[in-house]
Amino acid sequence: YTSYPAILRFMDLTDHYWTESSTSAFKNTNSARTYLWERLFVSDLNRSYHLEHHLFPSVPGSRVASLSRFLEKEQLIA
């Protein structure tokens, strides 16, 4: 019951492009890379890999960073 849930909610809201009417995850979802201080003080649960989460929702959170690096290496995401 602190401001922490509000911060997490704000992070979730900024991971989507709400003005896009498309259902494509590539057009309406954002993945933002976080700084170390954000991971230390806010969340280190790979919350910033939102596009990857929408593309492959069954991948465990502990593996999403590896998935993101693979997709970037294969030039499937920017």
Side-chain angles (χ1 to χ4, degrees):
Y1 302 112
T2 65
S3 58
Y4 184 67
I7 292 170
L8 294 181
R9 174 63 73 186
F10 179 73
M11 289 175 69
D12 291 340
L13 288 174
T14 59
D15 287 338
H16 293 275
Y17 300 117
W18 296 100
T19 57
E20 290 290 329
S21 60
S22 173
T23 58
S24 169
F26 288 102
K27 291 185 178 182
N28 65 15
T29 309
N30 180 34
S31 285
R33 300 302 174 254
T34 55
Y35 295 104
L36 176 62
W37 67 268
E38 290 175 288
R39 292 191 302 271
L40 290 174
F41 292 109
V42 178
S43 178
D44 191 28
L45 299 175
N46 290 326
R47 297 176 64 88
S48 60
Y49 297 104
H50 209 81
L51 173 61
E52 294 82 347
H53 162 72
H54 278 279
L55 296 175
F56 300 96
S58 62
V59 173
S62 60
R63 304 290 313 264
V64 176
S66 299
L67 171 65
S68 179
R69 285 191 298 274
F70 172 77
L71 294 173
E72 287 175 356
K73 178 182 163 197
E74 297 296 320
Q75 298 180 348
L76 299 172
I77 62 172

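- Side-chain contact between L71 and E52: present, with at least one pair of heavy atoms (C-beta onward) separated by less than 4.5 Å.
- For the pair Y49 and L67, the minimum side-chain heavy-atom distance is 4.5 Å or more.
- Every residue meeting the ring-ring contact (aromatic ring centres under 6.0 Å, His included) condition with H53, not counting sequence neighbours, appears here in chain and number order: H50.
- Listed here is the closest heavy atom pair of L51 and S31: N-OG, 2.9 Å.
- Remark: S58 OG to R63 CZ distance equals 11.5 Å, nearest 0.5 Å.
- Within a 6.0 Å radius of CD in E74, other residues, nucleotides and ligands contribute more than 12 heavy atoms.
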